[in-house]
Amino acid sequence: MKQNVPAAAPTEKAMPGAARTCGAILAGLAMALCLAATAVLLFVKGVTQGMTLPAAGPISGGRLTAFLETPYAVAATAVPAAVFGICVVLLQTRRARRIFFSLSVWCLATAALLVLLAWRAVPLLQWLPAEWQQLLVGTTRVFGTCMALCALALTAVSATALSVYACIAAAKGGRHEKNS
């Protein structure tokens, strides 16, 4: 004899999707921060090329200089950015349109963060130790230009991803997502 089993509540089915969305948001935020750190690190690496750097906290100046001269310096922030970007894609695999929308939003958020860093370069420079301030005092305008160019490149990537998002929406006519 069959027993009537009550159907699962709609909120129980929505939780995996909500968890994926939260995971994608956190991965996107981490990707944005890593991309911004990569842009700043590339600037510092370019400005300090061939210079002996002052100590930064517990890290001696010689070790910091040696680290910035290796490709591992950029990889320390670029690889996590790529990993978090892949996480955004993997968390949205069943929703092709959302992949491009998420990447577009996070690239645009990173561009906004870089513009904010460029705009507030002088007050941020005052937070650094005196040795670093002397080293970077003449570079604030160049820093602003570099961050603005990085923001422009990320805006172009964002516009491309948003264009793909719109093309998928137009092609599928709004029936693009299947909730399983």
Side-chain angles (χ1 to χ4, degrees), residues 4-45 56-59 67-68 71-121 123-124 127-128 143-144 146-180:
N4 289 338
V5 179
T11 56
E12 290 175 350
K13 190 174 182 181
M15 284 306 289
R20 282 184 174 204
T21 302
C22 283
I25 289 171
L26 291 176
L29 179 62
M31 181 187 72
L33 293 175
C34 287
L35 282 174
T38 302
V40 171
L41 188 63
L42 283 171
F43 173 78
V44 170
K45 184 176 177 167
I59 303 171
F67 177 69
L68 283 177
Y72 300 119
V74 177
T77 55
V79 170
V83 168
F84 288 126
I86 291 170
C87 286
V88 168
V89 171
L90 290 177
L91 287 168
Q92 302 288 346
T93 52
R94 291 186 169 254
R95 301 163 192 96
R97 205 169 88 167
R98 286 187 188 178
I99 291 171
F100 293 103
F101 184 72
S102 295
L103 292 176
S104 173
V105 166
W106 289 114
C107 285
L108 201 57
T110 306
L113 179 62
L114 291 176
V115 168
L116 181 68
L117 284 173
W119 179 50
R120 304 299 296 168
L124 289 174
W127 285 53
L128 295 175
F143 178 76
C146 180
M147 294 302 111
L149 288 174
C150 289
L152 184 64
L154 283 170
T155 303
V157 170
S158 178
T160 303
L162 198 58
S163 174
V164 172
Y165 168 80
C167 287
I168 292 172
K172 300 261 182 168
R175 300 178 325 257
H176 63 284
E177 295 182 6
K178 286 185 178 180
N179 292 329
S180 52

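Within the model, atoms CG of L29 and CZ of F84 stand 9.5 Å from one another, a figure rounded to the nearest 0.5 Å. Separation of atoms SG (C107) and CG (L35) is listed at 6.5 Å; rounding is to 0.5 Å. We find the CG-SG distance between L42 and C146 to be 7.5 Å, quoted to the nearest 0.5 Å.
Residue L103 comes nearest to G85 through the heavy atom pair CD2-O, 4.5 Å, listed as atom of the first residue, atom of the second, then distance. Scanning both residues, A118 and M147, for their nearest heavy atoms gives CB-CB, 3.8 Å. Taking every heavy atom of both residues into account, A39 and L114 meet most closely at CB-CD2, 3.9 Å. Of all heavy-atom pairs spanning S102 and V88, the tightest one is CB-CG1, 3.7 Å. Counting all heavy atoms, side chain and backbone alike, A73 lies closest to L41 at O-CD2, 2.7 Å. Taking every heavy atom of both residues into account, R20 and L91 meet most closely at CD-O, 3.6 Å.
The backbone N or O of A159 sits nowhere less than 3.5 Å from a side-chain atom of S163 that would complete a donor-acceptor pair. A donor-acceptor pair is defined here as one N or O able to donate and one able to accept, closer than 3.5 Å; no such pair exists between the side chain of S158 and the backbone of L154.
No side-chain heavy atom of V40 sits less than 4.5 Å from a side-chain heavy atom of F43. Side-chain contact between T110 and M31: absent, with no pair of heavy atoms (C-beta onward) separated by less than 4.5 Å. You'll find the side chain of Y165 stays beyond 4.5 Å of the side chain of S104, heavy atoms only. For the pair L162 and F101, the minimum side-chain heavy-atom distance is below 4.5 Å.
Listed by chain and residue number, nothing satisfies the side chain to side chain contact (heavy atoms under 4.5 Å, CB included) test with L152 (two or more places apart in sequence, or in another chain). Among residues two or more places apart in sequence or in another chain, the side chain to side chain contact (heavy atoms under 4.5 Å, CB included) test is passed with A109 by W106.
When each of V89, L90, I168 is tested with I99 by the rule side chain to side chain contact (heavy atoms under 4.5 Å, CB included), just one qualifies, namely V89.
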